[in-house]
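Below is one structure, written out as structure tokens; the observations come after it.
In this chain, residues are counted from 1 in sequence order.
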Amino acid sequence: MTPQSSGALTTMRLLAQDRDLRTVAPGEVIFQAGDLGNSVVGILEGEVRIDWAGGRESERLGPGSTFGVGALVDAPHLRFGTATAQLDTQLLEMKREEFLFALQELPMFALEMLHGLEERLGDLKRAGGELSGPPPA
């Protein structure tokens, strides 16, 4: 499972205020490849598996991880992977309007999101054998 910093998720929680969280059961699909995306998702508790390339590649994400940010950067956006809960999982979703507000008002949020994406990309490349040795600086 990919360990990630929770800085972006902390910001998402602060902006969420009193909204309800989404709870998903093991095996429940959060979104499928090809679905129209309109939110970034943060994992508060549990575990999510994201399958890529028709299930030939996958990654596991745990608490503190965020995923689906492409939906907020590139609208309209079709999801590239299928996200499925592996355990009882509690999620927090951030829509585009909140995302843009966070980017404008909290510049560190953008860096936290980029850091999370860089970690995940490096993990995927190493798992696919595209990188050898330590991750690039």
Side-chain angles (χ1 to χ4, degrees):
M1 186 171 5
T2 302
Q4 292 199 345
S5 63
S6 61
L9 185 57
T10 299
T11 301
M12 288 173 65
R13 286 183 93 162
L14 290 171
L15 293 173
Q17 300 173 10
D18 295 328
R19 279 182 293 164
D20 292 338
L21 303 175
R22 179 176 173 191
T23 301
V24 292
E28 186 174 337
V29 173
I30 299 159
F31 57 73
Q32 292 185 10
D35 286 353
L36 186 61
N38 65 355
S39 64
V40 62
V41 182
I43 304 171
L44 298 175
E45 295 177 16
E47 181 179 307
V48 173
R49 185 185 75 230
I50 302 180
D51 292 313
W52 304 98
R56 292 186 305 275
E57 301 289 334
S58 68
E59 63 179 318
R60 290 182 180 262
L61 304 174
S65 300
T66 58
F67 59 97
V69 71
L72 302 181
V73 174
D74 181 30
H77 174 81
L78 298 180
R79 301 286 190 186
F80 292 112
T82 297
T84 308
Q86 300 301 290
L87 306 169
D88 286 323
T89 302
Q90 193 170 46
L91 304 171
L92 177 62
E93 291 186 79
M94 176 183 268
K95 302 290 186 193
R96 184 174 176 78
E97 182 178 291
E98 298 160 316
F99 178 75
L100 294 175
F101 174 82
L103 290 179
Q104 179 179 336
E105 298 298 322
L106 305 163
M108 286 303 296
F109 177 69
L111 291 175
E112 293 160 350
M113 286 298 236
L114 287 172
H115 177 74
L117 286 171
E118 174 66 21
E119 283 181 346
R120 288 181 55 209
L121 180 59
D123 289 346
L124 286 169
K125 285 183 174 182
R126 282 187 291 283
E130 293 182 30
L131 295 177
S132 59

>> I need the minimum non-hydrogen distance between P26 and D88, along with the two atoms involved.
In response: CD-OD1, 3.1 Å
>> On a heavy-atom basis, which atom in M94 and which in F99 lie closest, and how many Å separate them?
In response: SD-CA, 3.6 Å
>> If you count every heavy atom of other residues, nucleotides or ligands that lies below 6.0 Å from E97 atom CD, does the total exceed 12?
In response: no
> If only atom types and distance count, is the side chain of Q86 paired as donor or acceptor with the main-chain N or O of T84 below 3.5 Å?
Replying inline: yes
>> Looking at every non-hydrogen atom in both residues, tell me the closest pair between L21 and L44 and how far apart they are.
In response: CD1-CD1, 3.4 Å
>> Between T23 and Q90 (side chain of the first, backbone of the second, donor and acceptor by atom type, cut-off under 3.5 Å), is there such a pair?
In response: no
>> If you compare all heavy atoms of A102 against all heavy atoms of F109, which two are closest, and at what distance to 0.1 Å?
In response: CB-CD2, 3.5 Å
>> Closer than 3.5 angstrom, by distance alone: can the side chain of R49 be matched with the main-chain N or O of A83 as a donor-acceptor pair?
In response: no
> Do the non-hydrogen side-chain atoms of R96 and V40 ever get within less than 4.5 Å of each other?
Replying inline: no
> Quick one: OG1 on T82 to CG on D35, what's the gap to the nearest 0.5 Å?
Replying inline: 7.5 Å
>> Are F80 and F31 an aromatic pair, judged by ring center distance below 6.0 Å?
In response: no
>> Please give me the minimum heavy-atom distance between Q32 and R79, naming the atom from each residue.
In response: O-CB, 3.5 Å
> E59 versus F67: any side-chain heavy-atom pair under 4.5 Å?
Replying inline: no
> Any donor and acceptor pair, going by atom type alone, linking the side chain of E98 with main-chain N or O of K95 inside 3.5 Å?
Replying inline: yes
> Just by distance, do the side chain of E28 and the backbone of A25 share a donor-acceptor pair under 3.5 Å?
Replying inline: yes
> Which heavy atom of P63 sits nearest a heavy atom of E45, and at what distance?
Replying inline: CG-CA, 4.2 Å
> Just how far is it from atom OG of S65 to atom CG of L91, taken to the nearest 0.5 Å?
Replying inline: 11.0 Å
> Is there a donor-acceptor pair closer than 3.5 Å between any side-chain N or O of T66 and the backbone N or O of G42?
Replying inline: no
